Undergrad: 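One structure, pasted below without further comment.
Throughout, a chain's letter reflects where its sequence line sits, starting with A, and its residues are numbered from 1. Remember, it's a predicted structure, so these values are computed and weren't measured experimentally. Heavy-atom basis, side chains included; hydrogens, waters and symmetry copies ignored.
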4 protein chains.
Amino acid sequence: MDNKPRKERERQAKKQDILKAAREVFAQKGLHAATLDEIAEKAEFAKGTLYGYFQSKDDLFASMLEEELVKFEQCIIQVLNLPLAPAAKVEKLVKTMLLVFEQNEDFLRLLSKERPGMSNIQVGEKMMDHFKTLTRLVSGMVKDGIKEGVFAAKDPVRTSVALFNLVHGSAMSSLLNHKKINDPEEAKFLTGLFLNGIKA
Amino acid sequence: MDNKPRKERERQAKKQDILKAAREVFAQKGLHAATLDEIAEKAEFAKGTLYGYFQSKDDLFASMLEEELVKFEQCIIQVLNLPLAPAAKVEKLVKTMLLVFEQNEDFLRLLSKERPGMSNIQVGEKMMDHFKTLTRLVSGMVKDGIKEGVFAAKDPVRTSVALFNLVHGSAMSSLLNHKKINDPEEAKFLTGLFLNGIKA
Amino acid sequence: MDNKPRKERERQAKKQDILKAAREVFAQKGLHAATLDEIAEKAEFAKGTLYGYFQSKDDLFASMLEEELVKFEQCIIQVLNLPLAPAAKVEKLVKTMLLVFEQNEDFLRLLSKERPGMSNIQVGEKMMDHFKTLTRLVSGMVKDGIKEGVFAAKDPVRTSVALFNLVHGSAMSSLLNHKKINDPEEAKFLTGLFLNGIKA
Amino acid sequence: MDNKPRKERERQAKKQDILKAAREVFAQKGLHAATLDEIAEKAEFAKGTLYGYFQSKDDLFASMLEEELVKFEQCIIQVLNLPLAPAAKVEKLVKTMLLVFEQNEDFLRLLSKERPGMSNIQVGEKMMDHFKTLTRLVSGMVKDGIKEGVFAAKDPVRTSVALFNLVHGSAMSSLLNHKKINDPEEAKFLTGLFLNGIKA
DNA sequence: AATGAATGAGATTTCATTCAT
DNA sequence: TATGAATGAAATCTCATTCAT
C-alpha cells in the first residue's frame, strides 16, 4: 500500500491547522503575550502535540511568519507579472495589497507589530530579506516605468518603499478605525496620490 | 528653608530617569517582553522603587507613551503654526518629523509596535485620540492648501494619514536598514512624492 | 481501556493531597502568613502544579475550608439523627465534637483563626452560612428537649451557640495547653455544666 | 527647667497614638495582612517614625497586645475584688466582660484571631501567661463559691475556662451577626446557663 | 525626633517545555 | 503520534526595614 503520502498529507494538514491558529493568536496578542495554551486550544490539539510539529514557540512563530511572507511575496509577484502598463500596474498592485490585507488582517497586524526590532534575531533577518526582495521586485516595475518615460526618474528603491508604506499604513489605519480596508475609494486615492501627488 | 521645590524638582528628575529607561526598554522589547528588572537596572533604581513613582508596569508604560505623544503633538503644532505657504509647510513638516524620529528612535519604534490592538485598552484609546488630533491638525493645513488653490481637492483626512504613513514608514525603513533617518535626500524625496507623485 | 475513572480517581487523590497540605499550613499560619511554597512542598508538588487544581491561593483556601465545614456539618447531623434522649444526645454531641477536633486539630485552629472578619468576603459568607446551619440543627435538638420538658424553656438559638462555644473553647484550650482534647473527664464536665450549671 | 517629664509625657502620648492605630489595624486585618503603612497613616506619623518607638512590626504587635491584655486583666481583677456573693460576682463578671468586649471590639477580635498558634513564639508565650493568670484569678472565685457551698465541687480551672469561653464566644457571635455585644438579655442568659444549666 | 524615598527579599502567578502514558 | 499533568524559571508586585536629610 502506498499510504505514506496520505499520512504525510494528513500531517501537513494538521501542521496547517496549527499555523492558522498560531497566526490568529500571534496577530491578536503579539509574540510574547500569546500563549501556547491558546494556540493549542484554537488548533484543537493538546499543548504537547505542537512540539511534534515545531521545536519551540519561537520556531512556530517564525514558521508561521515565513509562510505568510512567502504567500504575500508570491501574490505580489503574480501582479507584477501581469501584462499591464506601469500606471495600471500600480493601481492593480495597490488594490491587490489592500485585498490581501483585508483577507488576512492577522498578517497585516503582524507586519506592524513584529517588524521593528524583533528580539528573535533570526526571524528579524528573514523578515528583512523578504522586504528587500519585495523592494527589489517593485523597484523593477518602477524602473520599467522610468524607461518607458511614464515615471519621473526618481529613486526607484525609495519609491518602492514609499508605495508599500502608503498602502500598509492605509490598511492599518482602516483596521484601527473599523473601516473597510479594501475600499475602492481608498485604492483610487492612494494610486492617485502615488502617481500625481496632491498638488493642484 | 524653602527646599520643598528642590525636593520636588529632584523627584521629577528621578521620574524622568525612570521614564527614559522605560522608553528605551519598551521600545526595544515591546510592552510584554520588557521586564521591570531591565527597566529598573537601566534607571539605576531598585525594582521596588519604580512603584513609588508608578502604580504598575502598565501605568509606567501608559505614562511614558502619553508623554512622548504629547511632545510629538506639540512639535507638530509648532510647525503647523509657522507662517509658511502650504507646500513649504509640507516640506518643513516632513523634515521635522524625520528629525524627531531620528532624535527619538524609541518613540519611532513604539509607534509601530504598540499602535495596533493594544491589549491595554486605556492606552489604546489614548493613542487613538492623539492620532485623531494629529490627523485633524494636518487636515487643516491640507484644507488651507486647497482653499489657496495650491492643493487639488482630494480628501484632506486621507491625505493627512497618507503623509504620516509616508514619513513614519520611511523612518522605520531607515532604522531597520541602519540608514540615516533624517536624510535631506529622503526628506526631499518624500516631499516631492507627496506633492507631485512619481508621474513624469 | 476504561481507565478514565482511574485517571479521574488519581486526580482526585492528588487534589486531596494538596487540600490536606493546605489545611495543615493554613491552620498553622493563617491565610496570609501561609505560603504556597510551603503548601507545595508539603504536598510534594511543584508550586505551579497547584494551579492545575485551584485557581489561586484564595480559591485553595476557600475549597479547603468548605470541605472541612461540610464534613463537620455532616458529622453533627449524624449525631443529631441518633435515637437518643435530649440529655444523652447533648453528651454524645459534646463527645463527638471533641473527637472531631482531636482528629482534626487543623480544623479546630481554622475555626478560631479565620472566623472573624475574613478579608475574603466570599469565604466569610460561606462560613457564616455553615454556622447558621449548625445553629439551626442544634436548636432543633434543644427545642425537642424543651417540648419533652427536660430542658428549661431558654432561648434555643443562644443555647446552641453557647454549646458550640463551650466545646470549641475547651478544645482550643486543651490544644494550647498540650492536653488531650477528647478527654472523657472534659466531656463529662462540659456536659454537666451545660445541663446543670455549677450551682450546688 | 524641669521639662524632661513633659517631653517624656509627650513621647508616651505619641506612643499611645501609635498603639491605638496598631490595635485597630491589627484587629481588622490580622498580624500578617496589616501593613505598617496603614498603621502609620492612621497614627498620623511617617512610617519610619514608628521605628523610633518600636523595634519592629512584631514588637509593635506584641506591645499592643500586651497592653490590652494587662488592661483586660486589671479590669477582671477589679471585679473579682468587689465585695459580692459568688453568684452575683459571676453575673458582674459576665456583664463586665461583655462591656469590655463591646467597648474594645479590636481586642475581642485579636483574642480570637491571634490566640492559636502564634508564629511569633514570644507573643504566644506571653498570651498564654495572661490566660493562665486569668484562669487562676477566676478559679479563686469559683473556689470561694465551693467553700461557701453555693457552687458544686466541680473542677475550678475547667470551670473558669468554660466561663471565659462562654462569654468570649458569645461576644464573637454577636459581633459577627451585627448584634449588640453587651446585651442585658445575653448577660442574663449566659449567667443563668453557667450557674444552672439548661435542664428543666 | 521625624521623615519618606529607596531597598530587596519574598510572595503570588504564568507559561514554555518535558515526559510518562 | 497525541496527550496533558508536572515542572520551575521568571515575571509582577508588596512591604518591613534602613538611612540620609
Undergrad: Do K57(A) and Y51(A) meet the cation-pi criteria used here (NZ or CZ under 6.0 Å from the six-membered ring centre, within 45° of the axis)?
TA: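 No.
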Undergrad: Tell me yes or no: between the side chains of E105(C) and Q28(C), is some donor less than 3.5 Å from an acceptor?
TA: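 Note: E105(C) and Q28(C) side chains miss the donor-acceptor criterion.
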Undergrad: Output the rounded distance in Å from CZ (F45(B)) to C1' (dA5(E)).
TA: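 F45(B) atom CZ is separated from dA5(E) atom C1' by 9 Å.
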Undergrad: With respect to the phosphate group of dA5(E), does any side-chain polar atom (N or O) of Y53(B) fall under 4.0 Å of OP1 or OP2?
TA: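 No, because none of the side-chain N or O atoms of Y53(B) sits under 4.0 Å from OP1 or OP2 of dA5(E).
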Undergrad: Can you confirm if the NZ or CZ of R109(D) lies within 45° of the ring axis of F26(D) and under 6.0 Å from the centre of its six-membered ring?
TA: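 Negative - R109(D) is either too far from the ring of F26(D) or too far off its axis.
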Undergrad: In whole angstrom, what separates L50(D)'s CG from dT17(F)'s P?
TA: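 Atom-to-atom, L50(D) to dT17(F), this comes out as 11 Å.
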Undergrad: Take nucleotides 9-16 of chain F nucleotide by nucleotide from the 5' end and write B, S or -, depending on whether a protein heavy atom sits under 4.0 Å from the base, only from the sugar-phosphate, or from neither.
TA: -BSBBBSB
Undergrad: Could you summarise the pairing of DNA chain F as dot-bracket text, marking Watson-Crick and G-U pairs under 3.5 Å with ( ) or [ ] inside the strand and | across strands?
TA: .||||||||||||||||||||
Undergrad: Looking at residues 10-21 of chain A, who's got a heavy atom less than 4.0 Å off DNA chain F?
TA: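 Heavy-atom cutoff 4.0 Å gives R11(A), K14(A).
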Undergrad: How far apart are the C-alpha atoms of D106(A) and V25(A), what are their side-chain angles, what is the distance that settles it, and do they pass the side chain to side chain contact (heavy atoms under 4.5 Å, CB included) test?
TA: CA-CA 8 Å; D106(A) 297 331; V25(A) 178; over 6 Å; no
Undergrad: For K29(C) and dA11(E), give me the distance from atom NZ to atom C1', rounded to whole Å.
TA: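 About 13 Å, once rounded to whole Å.
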Undergrad: With distance as the sole criterion, is a donor-acceptor pair present between the side chains of Q16(D) and Q12(D) under 3.5 Å?
TA: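 No donor-acceptor contact under 3.5 Å links the two side chains.
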Undergrad: Are the side chains of I39(A) and F61(A) in touch, meaning some heavy atoms are under 4.5 Å apart?
TA: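 Result no, sub-4.5 Å side-chain heavy-atom pair not found.
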